Novice: 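Before I ask anything, here is the structure I am working with.
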Amino acid sequence: MSGAPGAGPGAAHRYLPTHASDSHIKQDMSRYNVKETEAKWQAAWERAGCFTVEDAPDSDRPKYYVLEMFPYPSGRIHMGHVRNYTIGDVIARYKRARGFNVLHPMGWDAFGLPAENAARSKGVHPGDWTYQNIAAMRDQLKGMGLAIDWSREIATCHPEYYRHEQKMFLDLLRDGLAYRKESWVNWDPVDQTVLANEQVIDGRGWRSGATVEQRKLAQWCFRITAFAEELLAGLDGLDRWPEKVRLMQSNWIGRSEGARVLFPLNGQPAGLAPGAQDRLEVFTTRPDTLFGAAFCALSPNHPLSGALAAESPEIAAFIAECNKMGTSEAAIETADKKGVLTPVTASHPFVEGLELPVYVANFVLMEYGSGAIFGCPAHDQRDLDFARKYGLEVRPVVLPPGADAGSFEIGAEAYLGPGTAYNSEFLDGLEVAAAKRAAIARLEEQGAGAGTVQYRLRDWGVSRQRYWGCPIPVVHCPSCGIVPVPEAELPVTLPRDIDVSAAGNALERHPSWKHVDCPACGVAAQRETDTFDTFVESSWYFARFCSPRAEGAMTRQAVDYWLPVDQYIGGIEHAVLHLLYSRFFVRALKRGGYLDLEEPFAGLFTQGMVCHETYQGPDGAWLSPEQVERGPDGALVTADGRPVTVGRSEKMSKSKNNTVDPARIIETYGADTARWFMLSDSPPDRDLEWTAAGVEGAYRFVQRVWRQVTESVETLPPPGPAPADGAGSELRRAAHKTIQAVTEDIERFRFNRAVARIYELSNAISGATANTARARAGDGAGAELRECLEILVRLIGPMMPHLAEELWQRLGREGMLVDQPWPEADPSLTIEDSVTLAVQVNGKLRGTIDLPRDAAEDAAERAALAEPGVQRAMAGKPPRKIIVVKNRIVNVVV
RNA sequence: GCCCCUGUGGCGGAAUUGGUAGACGCGACAGACUCAAAAUCUGUUGUCCGCAAGGACGUGCUGGUUCGAGUCCGGCCAGGGGUACCA
């Protein structure tokens with residue numbers, strides 16, 4: 001057996017059993033043998049096929065699809081996984097006990113950059129590395145005792161998975177939902193690769209250290225913006241999603257109404273396509289402030305900026321500087337607002353003869369609107385900052401309610417509030433909304449613009465210049481252009497013989513892979529060497545799980561039966577991208593005839609992160625929790641006695657070295673302990689702080705429940721039906737109230753409360769058995785104790801399934817607990833007929849009174865006024881008012 | 001910068017959704033058992049004043065609404081997540 005943890009000094013911070021205490025434990029037969037028991041029941045569930053379901057069952061049980069976000073196979077499970085899969089498993093087991101036909105599958109998000117990084121640093125093939133990791137992690141997950149249908153396991157890097165994705169891409173291409181677009185990327189000139197914003201540190205590539213350039217690259221895009229309105233409207237129906245996630249998605253889509261305005265240009269450079277830049281198109285949400293316009297500004301990536309740069313070294317230098325900033329929104333928004341004046345001017349559409357200066361400015365995004373703005377300093381903060389810096393006019397054109405037109409001035413802050421237009425000719429006197437409408441009407445009349453709806457959402461760029469991803473199935477032909485790979489030739493598989501050590505994309509450099517004949521005309525052509533963003537795989541895996549071995553991507557019967565996912569569970573970090581992409585992809589698949597569904601996830605739960613204290617040694621190096629122990633004086637020290645600085649609790653990460661390996665915890669304490677600790681204390685949507693002491697506490701409870709049942713079982717009457725008598729002792733009432741509370745808590749994802757209620761029941765059982773030795777004697781009290789112990793065991797079933805299963809058996813029950821229905825509370829035992837009311841005087845608590853449930857108001861008043869504490873506080877003053885809230889509170893106002 | 005979330009004892013958290021703040025767990029302290037320790041069991045444990053009875057204060061800060069605010073509203077402060085090629 002594994003050494004049970006001791007609690008001697010040091011153990012609390014070592015996560016290892018104190019071997020000194022092993023010997024006595026080995027002799028102590030009353031201890032629960034965690035390791036043996038957990039293995040025994042995992043094998044029993046597997047043998048019985050408890051969690052295996054059919055693709056399209058003919059069942060009268062209602063279906064329930066529980067899904068946790070599938071893991072990236074990094075090699076070992078981490079605590080975030082343990083938390084995620086524990087939560088999902090509680091739901092899966094609970095719903096199963098409630099009579100649902102539960103689908104609970106598992107798979108691997110197996111493409112991605114870490115495999116290539118590992119290949120580079122360790123010399124392993126990305127595929128081998130990935131499959132080895134999958135094997136290791138599968139074992140670890142199985143050790144958690146999850147109620148998963150392992151026969152449905154999938155890995156996205158397997159051609160049997162991604163060939164369907166390639167087919168889907170061809171359908172998207174056919175349906176006009178996939179297209180090619182030029183876009184700007186971070187380019188590392190040394191590694192010859194595109195970098196994510198997070199890989200650009202101070203303008204340099206994370207690995208090469210080279211200065212990052214902005215490059216324009218032709219990339220495959222999915223037309224998610226075609227669904228912008230639908231994805232926004234669909235959020236309303238997702239009533240089992242957290243409000244905050246819906247809000248984040250809504251903000252991400254960023255619908256705004258406004259106008260496109262065309263400013264005639266003067267003095268534009270030569271070299272532009274004729275007529276292409278006669279007029280500058282800008283987007284604005286504030287057409288009502290057009291009369292306050294002081295300038296126009298172009299994105300550094302705007303075509304006109306490029307043309308101007310060709311003639312002006314100053315502009316070219318400015319653009320080069322902007323490009324160093326990177327492409328991240330945060331970098332652009334937090335940078336100092338800067339610009340450079342161009343020789344071009346823009347004519348105001350409403351004011352004859354007014355020429356506005358045109359700048360190239362670092363805060364204008366090419367990706368949003370038309371890549372150009374007009375600036376109204378008085379009513380936009382960025383424009384104001386810019387105007388102050390370059391000495392431009394600040395002319396207010398919206399007068400706040402009650403302000404005086406003669407004296408209203410703009411100081412350091414732009415005025416963004418409501419008001420009426422002034423200094424604005426034909427708009428004068430109109431409220432903001434009316435002024436917007438009037439301005440748009442005039443623009444349309446003059447042919448100088450139009451009302452429009454703009455989204456912040458951009459199309460989804462799916463091209464990645466990587467090897468370890470799903471190949472994009474097209475061929476570039478010198479005569480035909482882009483030619484889809486014929487369906488019969490799918491899948492386009494990755495070559496195995498690649499060289500990952502050199503810079504650039506291994507697919508691009510492969511000697512033969514990309515050279516093919518054009519499927520259309522037969523001339524020598526080249527395969528697309530980009531692979532998909534891994535978010536593409538995760539946008540449909542939940543559908544594949546419904547019929548994972550189907551010849552096609554999915555069968556209609558299976559997806560019609562199982563989808564949508566009833567409960568999806570994962571980290572909040574996926575609140576926008578993964579979830580929005582999946583919502584889009586399902587709509588695209590619907591167009592392609594794959595399924596008939598809009599929303600993939602009917603219910604969503606976002607869990608918090610797992611955190612741990614951070615430790616640093618005297619040299620500042622981050623120490624892992626295993627390197628830290630408690631010294632003789634109680635302070636934390638390293639194994640060789642050096643002092644340790646304890647830092648704030650932070651998300652477990654390799655960089656802070658504050659991770660705790662779940663495998664070690666499960667090895668030492670068992671899966672049930674790890675699961676129980678994950679569920680206790682912290683609400684699942686909040687961050688959880690992992691502590692050694694907390695694990696010890698969870699482990700103590702495992703042992704305690706074990707003793708509670710096994711020590712009583714000899715004296716209990718044999719298994720039978722529950723006592724029929726509706727009346728019952730305090731203990732019996734407590735047990736039935738616990739059923740009710742735990743059921744409600746699980747339904748509402750309040751596992752920490754459920755855990756607290758189970759502790760209470762366990763405490764109540766201890767108290768009762770200690771008080772009444774008679775309970776063992778075999779009369780009615782014995783049957784009652786049996787009922788309460790069985791309730792305890794059944795309630796912990798979804799949370800600590802191994803322990804519960806073992807105790808169910810030891811209680812002499814036939815069959816496995818996993819096949820038992822969820823316990824039902826007897827309503828006659830859960831309602832008390834007496835209640836305690838708080839009594840306040842002027843809102844301060846002065847006593848409590850016990851009254852029959854639903855007692856009349858005047859009875860409550862009389863009882864309250866008779867309380868000695870109440871009379872003392874009233875000090876002889878007559879009550880002015882008495883508020884009575886039935887069964888709750890009486891407040892006497894004097 | 002922008003969007004979103006969080007803030008309650010020594011610690012994790014609970015509070016019937018506007019009605020007894022601190023359930024339950026951890027830690028600490030005291031006691032029982034033991035030759036001793038571990039394990040286990042019992043009790044105490046928000047702060048301050050008081051021998052006690054009892055009282056005052058108390059949910060990041062600040063102002064408000066209310067008979068009554070941890071909960072609702074305004075303004076701030078601090079920490080975290082996302083910010084489009086990490087997954």
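Hydrogens, waters and symmetry mates are skipped; everything else that's a heavy atom, side chains included, is used. Throughout, protein chains are lettered first and strands after them, A, B, ... in sequence-line order, and every chain is numbered starting at 1. All figures in this text were calculated on a predicted structure; none of them were measured in a lab.
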Novice: Any strand is fair game: report the nucleotide pairing with B:rU65 by Watson-Crick or G-U wobble, both distances under 3.5 Å, or none.
Specialist: none

Novice: Would you say a side-chain N or O of A:R686 is under 4.0 Å from OP1 or OP2 of B:rG7?
Specialist: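 Yes, within the criterion.
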
Novice: When the distance from CG of A:N763 to P of B:rA23 is rounded to whole Å, what number comes out?
Specialist: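 Rounded to the whole Å, the gap is 13 Å.
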
Novice: Using the ring of each side chain (for Trp, its six-membered ring), is A:H78 parallel, tilted or perpendicular to A:H81, with breaks at 30° and 60°?
Specialist: parallel

Novice: Which nucleotide, if any, forms a Watson-Crick or G-U wobble pair with B:rG70, using both distances under 3.5 Å?
Specialist: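 No nucleotide pairs with B:rG70.
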
Novice: Give A:R382 one of three labels, base, sugar-phosphate or nothing, depending on what nucleic acid heavy atoms sit under 4.0 Å from its own.
Specialist: nothing

Novice: Could you tell me how the ring of A:F585 sits relative to the ring of A:F222: parallel (under 30°), tilted (30 to 60°) or perpendicular (over 60°)?
Specialist: tilted

Novice: Parallel, tilted or perpendicular: which describes the rings of A:F701 and A:W676, with under 30° parallel and over 60° perpendicular?
Specialist: parallel

Novice: Separation of A:L365 atom CG from B:rC2 atom C1', in whole Å?
Specialist: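 Distance, rounded to whole Å: 11 Å.
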
Novice: Considering only NZ, NE, NH1 and NH2 on the basic side and carboxylate oxygens on the acidic side, decide whether A:R382 and A:E333 come within less than 4.0 Å.
Specialist: yes

Novice: For B:rC29 versus B:rG46, give the span between their C1' atoms, rounded off to a whole number of Å.
Specialist: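 Nearest-Å result for B:rC29 against B:rG46 at atom C1': 16 Å.
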
Novice: Taking only the P atom of each, what is the distance from B:rC77 to B:rA39 in whole angstrom?
Specialist: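 Those two atoms are separated by 48 Å.
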
Novice: Rounded at 0.5 Å granularity, tell me how far CG in A:L688 sits from CE in A:M609.
Specialist: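 Interatomic distance, A:L688 CG to A:M609 CE, rounded to 0.5 Å: 11.0 Å.
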
Novice: Classify the glycosidic conformation of B:rG9 as syn or anti, calling it syn when the angle lies within 90° of 0.
Specialist: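 With its glycosidic angle within 90° of zero, B:rG9 counts as syn.
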
Novice: Is B:rU17 syn or is it anti, if syn means the base angle is within 90 degrees of 0?
Specialist: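 In terms of base orientation relative to the sugar, B:rU17 is syn.
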
Novice: Whether A:R466 and A:D530 form a salt bridge (side-chain N of Lys/Arg under 4.0 Å from carboxylate O of Asp/Glu) is what I want to check.
Specialist: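 A salt bridge is absent here (no side-chain N lies under 4.0 Å from a carboxylate O).
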
Novice: Shorter than 3.5 Å, N or O on both sides, protein versus nucleotides 58-69 of chain B: list them out with atom names.
Specialist:
unit_1: B:rC67; atom_1: O2'; unit_2: A:N891; atom_2: ND2; d: 3.3
unit_1: B:rC67; atom_1: O2; unit_2: A:N891; atom_2: ND2; d: 2.5

Novice: Both distances below 3.5 Å, Watson-Crick or wobble geometry, any strand: find the nucleotide opposite B:rC85.
Specialist: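 For B:rC85, the partner nucleotide comes out as none, under the 3.5 Å rule.
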
Novice: Look through every strand shown and name the nucleotide pairing with B:rC51 as Watson-Crick or G-U wobble, where both distances are under 3.5 Å.
Specialist: none

Novice: Is there a side-chain polar atom (N or O) of A:N887 under 4.0 Å from OP1 or OP2 of B:rG19?
Specialist: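 Looking at the OP1 and OP2 atoms of B:rG19, neither is under 4.0 Å from any side-chain N or O of A:N887.
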
Novice: Any side-chain donor-acceptor pair under 3.5 Å between A:Y699 and A:Q703?
Specialist: yes

Novice: RNA chain B: A:N752 or A:N251, which has the more 5' nearest nucleotide?
Specialist: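 Looking at the nearest nucleotide for each, A:N251 comes out on the 5' side.
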
Novice: For B:rU8 versus B:rC24, give the span between their C1' atoms, rounded off to a whole number of Å.
Specialist: 15 Å

Novice: Tell me what A:T836 touches on the nucleic acid: a base, only sugar-phosphate, or nothing, going by heavy atoms under 4.0 Å.
Specialist: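 Touches a base.
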
Novice: Paired with B:rG79 by Watson-Crick or G-U wobble geometry, both distances under 3.5 Å: which nucleotide is it?
Specialist: B:rC5

Novice: Take the protein atom CZ of A:F386 and the nucleotide atom C1' of B:rG1, then report the distance between them rounded to whole Å.
Specialist: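 The answer, rounded to whole Å, is 17 Å.
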
Novice: Just say parallel, tilted or perpendicular for the rings of A:Y72 and A:W129, cut-offs at 30° and 60°.
Specialist: tilted

Novice: Quick one, give me the B/S/- string for nucleotides 77-87 of chain B, reading 5' to 3', where B means a protein heavy atom under 4.0 Å from the base and S means that only happens at the primed atoms, P, OP1 or OP2.
Specialist: --SSB-BBBBB

Novice: Counting only side-chain nitrogens and oxygens, does A:R700 get under 4.0 Å of the OP1 or OP2 atom of B:rG25?
Specialist: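 For B:rG25, neither OP1 nor OP2 has a side-chain N or O of A:R700 closer than 4.0 Å.
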
Novice: Would you indicate what A:R753 reaches in the nucleic acid, counting non-hydrogen atoms under 4.0 angstrom: base, sugar-phosphate, or nothing?
Specialist: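 Sugar-phosphate contact only - A:R753 comes under 4.0 Å of backbone atoms but never of a base.
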
Novice: Ignoring backbone atoms, test whether A:R757 places a side-chain nitrogen or oxygen under 4.0 Å from the OP1 or OP2 oxygen of B:rG25.
Specialist: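 For B:rG25, OP1/OP2 do not have a side-chain N/O of A:R757 under 4.0 Å.
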
Novice: Would A:E116 and A:R120 pass as an ion pair if we require N to O under 4.0 Å?
Specialist: no

Novice: Whole angstroms only, please: what is the CG-C1' distance between A:D745 and B:rG13?
Specialist: 14 Å

Novice: So that I know where these two stand, are A:F532 and A:W220 an aromatic pair - ring centroids less than 6.0 Å apart?
Specialist: no

Novice: Tell me whether A:N251 contacts the main-chain N or O of A:G254 through its side chain, where contact means a donor paired with an acceptor under 3.5 Å.
Specialist: no

Novice: Taking atom C1' in both B:rU62 and B:rC11, compute the distance separating them and give it to the nearest angstrom.
Specialist: 28 Å

Novice: Rounded off to whole Å, could you give me the CZ-to-C1' distance for the A:R748 and B:rA15 pair?
Specialist: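 Value for this atom pair: 13 Å.
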
Novice: Are A:E68 and A:R83 ion-paired here, with the side-chain N under 4.0 Å from a carboxylate O?
Specialist: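 No, A:E68 and A:R83 are not salt-bridged.
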
Novice: Among B:rG27, B:rU20, B:rG19, which nucleotide has an atom closest to any side-chain atom of A:T848?
Specialist: B:rU20

Novice: Would you mind telling me which of B:rC5, B:rG1, B:rA15 lies closest to the side-chain atoms of A:K244?
Specialist: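 The nucleotide sitting nearest to the side chain is B:rC5.
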
Novice: Taking the C1' atom in each of B:rU42 and B:rG60, what is the distance between them to the nearest angstrom?
Specialist: 38 Å

Novice: Taking the same atom, P, in B:rG13 and in B:rG68, what whole-Å distance lies between them?
Specialist: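 The same atom, P, in both gives a distance of 31 Å.
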
Novice: Given the C1' atoms of B:rA28 and B:rG9, what is the spacing between them in whole Å?
Specialist: 13 Å

Novice: Just N and O in the side chain of A:K844: are any of them under 4.0 Å from OP1 or OP2 of B:rG19?
Specialist: no

Novice: In whole angstroms, how far is the P atom of B:rG27 from the CD atom of A:E613?
Specialist: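 Atom CD in A:E613 sits about 14 Å away from atom P in B:rG27.
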
Novice: Salt bridge or not between A:D745 and A:R753? Use side-chain N to carboxylate O under 4.0 Å.
Specialist: yes

Novice: Whole angstrom is fine here: how far is it from CD in A:E760 over to P in B:rG13?
Specialist: 19 Å

Novice: Taking the same atom, P, in B:rC72 and in B:rA15, what whole-Å distance lies between them?
Specialist: 14 Å

Novice: With both distances kept under 3.5 Å, what pairs with B:rC35, Watson-Crick or G-U wobble?
Specialist: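 Result: none.
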
Novice: Counting Watson-Crick and G-U wobble pairs only, both distances under 3.5 Å, name the nucleotide matched with B:rU20, or none.
Specialist: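 The answer is none; no pair meets the criterion.
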
Novice: Provide, to the nearest angstrom, the distance between the CG atom belonging to A:N362 and the P atom belonging to B:rG1.
Specialist: 16 Å

Novice: Can you tell me if the side-chain N/O atoms of A:R846 get under 4.0 Å from OP1 or OP2 in B:rG55?
Specialist: yes

Novice: Which base, if any, makes a Watson-Crick or G-U wobble pair with B:rA28, both distances under 3.5 Å?
Specialist: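 In the structure as shown, B:rA28 has B:rU44 as its Watson-Crick or wobble partner.
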
